[in-house]
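In what follows, a single structure is set out as structure tokens and then discussed.
So you know, we letter chains A, B, ... as the sequences are listed, proteins then strands, and number each from 1.
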Amino acid sequence: MPPPAATTTTTGSFPNKALHARLLRNGALNADPSAAAPLAASAANSSLPYALSLLQAHPTTFSYNTTIRSLAHGPSPHLAVALYRSMLLNPLSNPNNYTYPPLLAACARLLAARSPKPAAPGTAVHASLFRRGLDSRDRFISASLLSFYAAAGDLPAARQVFDRSPPNQRDLPLWNSLLHAYLSQGLYTQVLHLSRQMPAADEVTLLALVSACAHLGALDTGRWAHAYYARTRRSTTRNLGTALLNMYMRCGDVESAWSVFRETLDKDVRTWSVMIAGLAVNGLPRDALDLFAEMKSIGMDPDSITMTAVLSACAHAGMVDEGKGFLGCMPVEYRLQPTIEHYGCVVDLLGRAGKLEEALALIKSVPFEADVVLWGALLVACRVHKNVHIGQMAAREILKLDPRHAGACVFLSNVYAADGKWDLVQEVRNSMKEHRIFKPPGSSIVELDGVVYEFLSGDHSHPQSDRIYAMLDEVCKTVSLKGHKPSTKQVTFDIDEEDKEVCLSQHSEKLALALGLISTKRGAVIRIVKNLRICEDCHSVMKIVSEVYDRVIVVRDRNRFHHFKNGSCSCLDYW
DNA sequence: CTAGGGTTAG
């Protein structure tokens, strides 16, 4: 239960009134006006007028600073900025180095939920402290300035704060702020690179590093971070434990995730949710549902995200009735109102099961405005089940909401092409050209000996490129001997003018696979992370390679994992 | 004189 909200903002009811009176009576406030500081700070978020009257009566820098700090961490951070303005107007109080860190934290919090982001207060504060000569003088100010620019999405400015800070001032929190700035911008390889330059690492450092590894699928580096942590700690704290098991799951290493899960103390709902979601996408949806049952049996309440993981498990297991049941019982049993994400999971669930009419009916019945994600789930199902009629409807709905949606354009154009309606194909193509729509280029990441390599389709940038392409040639011959025919169905017309088969044979995940094959010993697991969905051709090549070369290959694509082993895949060819 | 920075996972 949340604490009861303050019921009044009048000065009369403030509980510290008695203390205030005593301080006045015994003359303490006269002797030291800063004695009002704790009173004003503790009143700021519940009885602001009272706090302001205290500050007016006893205006000291110290009192303003503590009150700004209190407001900065309270429910209305903009009041911290407002109070700073009134501080500037009061000649008896001058901002000092203690004023700025909480003020900048308040400015950063103002950015969190807004778009477009109002960066103006923060940059004004920066200008203000710069005029006072406090720029680059104080490591606390540097760290909070850096965090503010990170929150504003201005990485160059954040980096500049770091670069301009004197080297002897670059302590661990400042490095950690920089790390999190890169992390928040999605620059994961730079996070790995930066962390290697750090003089030391603490838990916050490792959280950023492990999180970056999770995004990249960089298992070796993630394992290194885990070992580094385990050297100095007896048990795993909840937050790092959750980050670690998420990392193992997102690298497809389910066993290690289980062991971290078992040794993590004080698991919270996030810990459980990450584990359930990880099992669901790693081909173990039944285990995910068993774990959910265990979670409930120990009295841990699921939250909205747990339920997304549970519904995703049902979808991956093909458990239509169970999934619908969970969605239906959410409001009653867990007091959770289904969100559009939950409906999306069930549309996905119905869609995979081929129940396209029912999925369509569900979309029409949701109590929200259906979004691109919802229609997109249906569109994917229509592509898999080759339902042109509903697919066209979904694609048109998507294009109404987002005329630049590449998937919908490609679907429509493929439908028209299959039907021989070339004039309509041309129309879609022209529209795509006009809107400058393109599918993001496919890229794959493979990590070898702790170094992350990224490949684009047809990439020649790797120093061992010749050997990679030689290996790729061998793989192509091997799989065709096994009866594999290149499946060009999924090659979309708009990639380029190259021959489709050549294009297909140089998909980024195949290049990553080839590098994995030449750089690791027989029997070693090859782990690849792909930014898009794996294509049908690559999927069947991976299956054959896993058998012929006796390899376990784990591919993480946009939505799930494919564990290839002995010629088959954990996704059961359904993705 | 007093006090202050980084906090992640789905």
Side-chain angles (χ1 to χ4, degrees), chain A residues 31-38 41 60-70 72-73 95-106 108-109 134 138-148 150-151 158 161-162 165 169-184 191 198 201-215 222 225 236-250 257 260-261 264 267-281 288 302-313 339 341-342 345:
Chain A
D32 179 12
S34 284
T60 65
T61 296
F62 180 60
S63 298
Y64 269 100
N65 285 352
T66 52
T67 309
I68 286 173
R69 175 174 151 66
S70 171
H73 299 292
N96 63 10
N97 53 328
Y98 287 95
T99 312
Y100 292 98
L103 190 57
L104 288 163
R109 282 187 61 201
L134 292 167
D138 185 299
R139 63 205 167 103
F140 294 91
I141 291 178
S142 294
S144 31
L145 255 184
L146 205 168
S147 304
F148 164 75
V161 171
F162 183 87
S165 68
Q169 199 174 285
R170 293 177 194 164
D171 60 1
L172 204 44
L174 189 66
W175 273 102
N176 286 341
S177 303
L178 186 69
L179 226 51
H180 281 280
Y182 279 82
L183 185 69
S184 67
V191 172
M198 290 178 61
D202 67 359
E203 191 169 332
V204 178
T205 316
L206 294 178
L207 279 163
L209 178 55
V210 168
S211 169
C213 291
H215 283 281
T236 309
T237 58
R238 176 172 57 204
N239 287 340
L240 190 62
T242 306
L244 279 171
L245 81 85
N246 179 54
M247 180 275 294
Y248 282 123
M249 278 301 192
R250 294 185 55 149
V260 173
F261 183 74
T264 298
K267 299 183 204 19
D268 68 358
V269 65
R270 292 175 168 214
T271 318
W272 287 88
S273 301
V274 169
M275 194 68 196
I276 292 169
L279 291 168
V281 295
D303 68 5
S304 172
I305 294 188
T306 320
M307 295 315 295
T308 305
V310 167
L311 292 172
S312 145
T339 66
E341 279 80 27
H342 299 112
C345 287

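- Residues passing the side-chain contact (heavy atoms from CB on, under 4.5 Å) test with A/N97, sequence neighbours excluded: A/L134, A/D138, A/I141.
- Remark: A/N246 is in phosphate contact with B/dG10, judged by side-chain N or O atoms under 4.0 Å from OP1 or OP2.
- Listed nucleotides: B/dA3, B/dT2, B/dG5. Nearest to the side chain of A/N96: B/dA3.
- The structure places CG of A/D303 at 8.5 Å from CZ of A/R270, a figure rounded to the nearest 0.5 Å.
- A donor N or O paired with an acceptor N or O is found under 3.5 Å between the base of B/dG10 and the side-chain atoms of A/R270.
- Taking atom OH of residue A/Y248 and atom P of nucleotide B/dG10, one finds them 16 Å apart after rounding to whole Å.
- The phosphate of B/dG6 (OP1 or OP2) has no side-chain N or O of A/R139 nearer than 4.0 angstrom.
- Contacts of A/T66 with the nucleic acid, taken as non-hydrogen atoms under 4.0 Å apart, are absent.
- For A/F140 and B/dG4, the ring-to-base geometry satisfies the stacking test (centroid distance below 5.5 Å, interplanar angle below 30°).
- A donor-acceptor contact under 3.5 Å links the side chain of A/D202 to the base of B/dG6.
- Note on A/V204: a base of the nucleic acid sits closer than 4.0 angstrom, heavy atoms only.
- Side-chain N/O atoms of A/D303 and base N/O atoms of B/dG10 include a donor-acceptor pair closer than 3.5 Å.
- Residue contacts shown for A/S211 are limited to sugar-phosphate atoms, with no base heavy atom under 4.0 Å away.
- Note on A/R69: a side-chain N or O is less than 4.0 Å away from OP1 or OP2 of B/dG5.
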Practice task
Under the side-chain contact (heavy atoms from CB on, under 4.5 Å) rule, what do A/M249 and A/L279 come out as? Steps first, then yes or no, please.
Solution key: CA-CA 8 Å; A/M249 278 301 192; A/L279 291 168; 3.8 Å; yes

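- In this structure, A/H180 places its NE2 atom 13 Å from C1' of B/dG5, rounding to the nearest Å.
- The base of B/dG5 is not paired with the side chain of A/D138 by any donor and acceptor separated by under 3.5 Å.
- Using a 4.0 Å heavy-atom distance criterion, A/H73 is classed as a sugar-phosphate-only contact.
- Checked by distance alone, A/N65 brings no side-chain donor or acceptor within 3.5 Å of a matching partner on the base of B/dG4.
- Here A/T236 pairs with A/Y229, A/L244, A/E263, A/T264 under the side-chain contact (heavy atoms from CB on, under 4.5 Å) rule; sequence neighbours left out.
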